[in-house]
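Just below is one structure, and these are the notes that go with it.
Worth knowing before you read on, the calculation uses all heavy atoms, side chains too, and leaves out hydrogens, waters and symmetry mates. Note on naming: letters A, B, ... go to the chains in the order of the sequence lines (proteins, then strands), and numbering restarts at 1 for each one.
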Amino acid sequence: MNYWIVKSEPFKYSWDHFVKEKRSVWDGVRNYQARNNLMAMKENDLVLFYHSNEGKEVVGLAKVVREHYPDPTTDDSRWVVVELEPVEKFPKTVPLARLKTDERFQNLSLIRQSRLSVLPIRPEEFDLIVGLAHD
DNA sequence: GCCAACGTTGGC
DNA sequence: GCCAACGTTGGC
């Protein structure tokens with residue numbers, strides 16, 4: 001099992017919208033590195049949902065319910081989507097600022113590669129963040 | 001609004 | 001294949 005973070009601007013696609021839809025086709029990724037991460041996702045992998053720009057915090061947990069297939073929003077065969085479902089809205093959000101102050105997260109992909117919209121995360125980092133979300 | 005960090009594009 | 005110019009993302 002692998003662990004991931006996806007980022008979304010709440011203005012465009014928020015956690016609440018995700019929950020309302022119950023299932024999301026994660027489309028629109030147009031970056032090779034992010035695409036490669038999508039392609040590495042396996043069914044039932046767990047995915048942290050992060051609000052960028054507004055909020056700047058991890059807000060909930062999702063899981064992969066369908067592995068990658070061609071992005072239906074483009075004819076360009078290079079791009080793929082996965083499908084995600086909400087698992088849990090966190091009782092406490094975990095702000096980026098909180099992660100930045102903690103040396104246990106100094107290698108966190110979210111901090112080191114802040115521009116990438118789909119990021120892998122280490123199991124121990126995943127566990128720590130889920131722990132903070134339930135403090 | 002600014003800027004850092006990248007990624008992409010195109011001229012050579 | 002190199003590199004300058006430009007565009008985008010996202011934190012501050």
Original post:
Using the ring of each side chain (for Trp, its six-membered ring), is A/Phe49 parallel, tilted or perpendicular to A/Trp15, with breaks at 30° and 60°?
Top reply: perpendicular
**OP:** Assign A/Leu116 to base, sugar-phosphate, or nothing according to its heavy-atom contacts below 4.0 angstrom with the strands shown.
**Re:** nothing
**OP:** Tell me which of A/Arg115 and A/Lys56 sits closer to the 5' end of DNA chain C, going by the nucleotide each one is nearest to.
**Re:** A/Arg115
Subject >> Crowding at OH, A/Tyr69 (>12 non-hydrogen neighbours, <6.0 Å) >> reply: yes
Original post:
What orientation do A/Phe18 and A/Trp26 show, parallel under 30°, tilted 30 to 60°, or perpendicular over 60°?
Top reply: perpendicular
Subject >> Side-chain donor-acceptor contact under 3.5 Å, A/Ser14 with A/Asp16 >> reply: no
**OP:** Quick one: which residue pairs count as a salt bridge (Lys or Arg N to Asp or Glu O under 4.0 Å) with a foot in residues 125-135 of chain A, not counting sequence neighbours?
**Re:** A/Arg122-A/Glu125
Original post:
Going 5' to 3' along DNA chain B, which nucleotides are the first and last within contact of chain A (any atom under 4.0 Å from a heavy atom)?
Top reply: B/dA5 to B/dT8
